[in-house]
Colleague: 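This is the structure I have questions about; it appears just below.
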Amino acid sequence: MASVVTPLDQPSNYKDSQARLDRQRQYDLLQKSTTLYIGNLSFYTTEEQIHDIFSKCANPEDGGGVKRIIMGLDRHTRTPCGFCFVEFYTHAEALASMRYISGTKLDERIIRCDLDLGYREGRQFGRGKSGGQVRDEHRQDYDPGRGGWGAQAQRLEIERRRQVEERYADVEQGGPVAGGGEEWKHVNAAPVEPTLKRARSPDDEDESSRQRSRIDEDTGRM
């Protein structure tokens with residue numbers, strides 16, 4: 001009878017993009033792999049936390065257990081960048097971890113476990129342009145558990161701030177400055193002298209008319 005529930009210990013389509021092996025060879029290696037790739041970790045999750053949770057699926061009494069943990073690191077800063085490798089002594093322990101740990105929360109993040117072809121030196125470093133993982137290179141959302149904004153978004157923000165700082169630097173050095181709703185003008189331009197002449201008002205017009213009337217009357221008497 002066919003099962004309608006997907007087994008939790010079956011590997012996904014994840015594979016090392018730099019592994020030069022055909023699909024059948026990779027499948028054969030995964031059938032006996034003792035290594036897990038753990039993804040979507042917080043940058044702040046420690047090796048001790050990972051050991052604590054994965055050792056729950058180990059069988060030390062049968063000669064098993066967690067053999068070692070390799071933390072994923074930023075290629076430039078050598079700080080955690082959100083993934084790791086967990087090596088067990090037996091294939092059964094790796095499958096048990098996929099069955100019982102993958103999809104659970106660690107540091108408020110849903111972690112993902114997949115069978116891996118096996119760790120080799122150099123794979124602990126991120127492959128993104130900025131040194132971290134590729135997924136964080138193009139991420140547009142803000143994720144406090146993975147360094148905030150994605151690398152590209154951070155570079156755009158840095159460039160925006162640089163342009164703002166340059167603009168303020170120009171103002172401090174006497175460069176052009178824009179006022180509210182006005183055209184660009186130089187801050188060193190000669191100030192406009194204020195005028196002391198008062199504008200004419202309707203009362204001034206009435207007073208002027210009365211003065212002219214009196215002058216006309218005086219002229220008529222003469």
Side-chain angles (χ1 to χ4, degrees), residues 8-21 25-27 29-58 64-91 93-155 157-158:
L8 298 177
D9 56 0
Q10 292 300 306
S12 70
N13 292 326
Y14 160 79
K15 68 181 182 67
D16 181 8
S17 60
Q18 295 186 357
R20 294 180 178 147
L21 298 171
R25 178 58 178 160
Q26 291 188 40
Y27 179 81
L29 290 174
L30 291 177
Q31 295 309 302
K32 45 188 181 176
S33 173
T34 60
T35 303
L36 289 178
Y37 170 88
I38 316 301
N40 199 39
L41 291 173
S42 166
F43 287 5
Y44 305 102
T45 298
T46 65
E47 184 175 337
E48 290 75 15
Q49 288 176 278
I50 295 169
H51 184 277
D52 182 61
I53 189 171
F54 282 92
S55 62
K56 298 182 186 305
C57 293
V66 176
K67 185 176 181 180
R68 65 170 174 166
I69 296 172
I70 303 98
M71 298 297 292
L73 302 175
D74 185 290
R75 190 171 65 254
H76 303 314
T77 63
R78 297 300 195 266
T79 55
C81 65
F83 72 98
C84 74
F85 298 93
V86 177
E87 289 185 350
F88 289 96
Y89 284 98
T90 67
H91 178 67
E93 292 172 317
L95 290 181
S97 294
M98 287 183 59
R99 184 180 298 120
Y100 300 118
I101 298 178
S102 186
T104 62
K105 277 191 175 183
L106 177 60
D107 278 342
E108 298 304 315
R109 304 184 67 83
I110 297 177
I111 62 175
R112 176 172 59 86
C113 307
D114 257 309
L115 287 175
D116 189 81
L117 296 175
Y119 170 78
R120 65 178 182 276
E121 188 61 32
R123 289 191 63 199
Q124 73 270 39
F125 299 122
R127 296 171 179 172
K129 182 190 248 182
S130 61
Q133 288 192 278
V134 174
R135 58 169 287 191
D136 291 313
E137 192 75 25
H138 306 286
R139 181 168 48 78
Q140 296 297 317
D141 61 324
Y142 183 84
D143 190 339
R146 295 184 68 90
W149 297 104
Q152 286 187 355
Q154 288 185 24
R155 285 196 291 269
E157 177 63 15
I158 291 172

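FYI, the numbering just counts along the sequence from 1. Any value given below was found using the heavy atoms of this structure, including those in side chains, with hydrogens, waters and symmetry copies removed.
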Colleague: Taking only residues at least two apart or on different chains, which pairs with a member in residues 79-91 satisfy salt bridge (charged side-chain N to carboxylate O under 4.0 Å, His left out)?
Modeller: Arg68-Glu87
Colleague: Identify, with sequence neighbours excluded, every residue that meets side-chain contact (heavy atoms from CB on, under 4.5 Å) alongside His51.
Modeller: Ser55, Val66, Ile69
Colleague: Work out which heavy atom in Phe88 is nearest to a heavy atom in Ala58; give both atom names and the distance.
Modeller: CE2-CB, 4.4 Å
Colleague: Hey, are the side chains of Ile50 and Cys84 touching, using non-hydrogen atoms and a 4.5 Å cut-off?
Modeller: yes
Colleague: Are Asp116 and Leu30 close enough that some pair of their side-chain heavy atoms sits under 4.5 Å apart?
Modeller: no
Colleague: What are the two closest heavy atoms between His91 and Gln31, and how far apart are they?
Modeller: NE2-O, 2.9 Å
Colleague: Mind checking the CD1-CD spacing from Ile70 to Glu121? Nearest 0.5 Å is all I need.
Modeller: 9.0 Å
Colleague: Once side-chain contact (heavy atoms from CB on, under 4.5 Å) is applied, do any residues pair with Lys32, and if so which ones, sequence neighbours excluded?
Modeller: none
Colleague: Does the side chain of Phe54 come within less than 4.5 Å of Leu36's, by heavy atoms?
Modeller: yes
Colleague: Could you measure the distance from the CZ atom of Arg75 to the NZ atom of Lys129? Nearest 0.5 Å is fine.
Modeller: 11.0 Å
Colleague: For the pair Leu73 and Thr79, evaluate side-chain contact (heavy atoms from CB on, under 4.5 Å) and give the outcome as yes or no after the intermediate values.
Modeller: CA-CA 5 Å; Leu73 302 175; Thr79 55; 5.9 Å; no
Colleague: Decide if atom CZ of Arg78 counts as having more than 12 heavy atoms of other residues, nucleotides or ligands within a radius under 6.0 Å.
Modeller: yes
Colleague: Please name all residues satisfying side-chain hydrogen bond (donor to acceptor under 3.5 Å, both in side chains) with Arg135, sequence neighbours left out, ordered by chain then number.
Modeller: Asn40
Colleague: Can you name the closest pair of heavy atoms from Cys113 and Ser97 and give their distance?
Modeller: SG-O, 4.5 Å
Colleague: Which residues pass the ring pair (Phe, Tyr, Trp, His ring centres under 6.0 Å) test with Tyr142, sequence neighbours left out?
Modeller: Trp149
Colleague: Quick check: closest heavy atoms across Ala96 and Cys57, and the distance to 0.1 Å?
Modeller: O-SG, 3.9 Å
Colleague: Could you walk me through whether Leu115 and Met98 pass the side-chain contact (heavy atoms from CB on, under 4.5 Å) test, one step at a time?
Modeller: CA-CA 8 Å; Leu115 287 175; Met98 287 183 59; 3.4 Å; yes
Colleague: Are side-chain heavy atoms of Leu117 and Ser33 found at a separation under 4.5 Å?
Modeller: no
Colleague: Quick test of your reading: applying salt bridge (charged side-chain N to carboxylate O under 4.0 Å, His left out), list the pairs with at least one residue in residues 37-52, sequence neighbours left out, ordered by first then second residue.
Modeller: none
Colleague: For a 4.5 angstrom cut-off between non-hydrogen side-chain atoms, does Ile38 reach Arg112?
Modeller: no
Colleague: Nearest 0.5 Å, what's the OH-CD distance between Tyr44 and Glu108?
Modeller: 14.5 Å
Colleague: Search all heavy atoms of Ile110 against all heavy atoms of Lys105 and return the closest pair with its distance.
Modeller: CG1-CG, 4.0 Å
Colleague: Do Ser130 and Glu137 have side-chain atoms, one donor and one acceptor, less than 3.5 Å apart?
Modeller: yes
Colleague: Spell out, as yes or no, whether a donor-acceptor pair under 3.5 Å connects the side chain of Arg139 to the backbone of Gly148.
Modeller: yes
Colleague: Kindly compute the distance separating CG (Leu95) from OH (Tyr100), expressed to the nearest 0.5 Å.
Modeller: 10.5 Å
Colleague: Restricting to side-chain contact (heavy atoms from CB on, under 4.5 Å), what partner residues turn up for Asp107, sequence neighbours left out?
Modeller: Ser42, Thr45, Gln49
Colleague: Measure the CZ-OG1 distance between Arg123 and Thr35 for me, rounded to the nearest 0.5 Å.
Modeller: 8.5 Å
Colleague: When rounded to the nearest 0.5 angstrom, what distance separates CD in Glu93 from OH in Tyr89?
Modeller: 9.5 Å
Colleague: Taking side-chain contact (heavy atoms from CB on, under 4.5 Å) as the definition, give me every residue that meets it alongside Phe83, ordered by chain and number, with sequence neighbours left out.
Modeller: Tyr37, Cys81, Phe85, Gln133
Colleague: Using a strict cut-off of less than 4.0 Å between a Lys/Arg side-chain nitrogen and an Asp/Glu carboxylate oxygen, indicate whether Asp143 and Arg109 qualify as a salt bridge.
Modeller: yes
Colleague: With sequence neighbours excluded, tell me which residues meet side-chain hydrogen bond (donor to acceptor under 3.5 Å, both in side chains) with Thr104.
Modeller: none
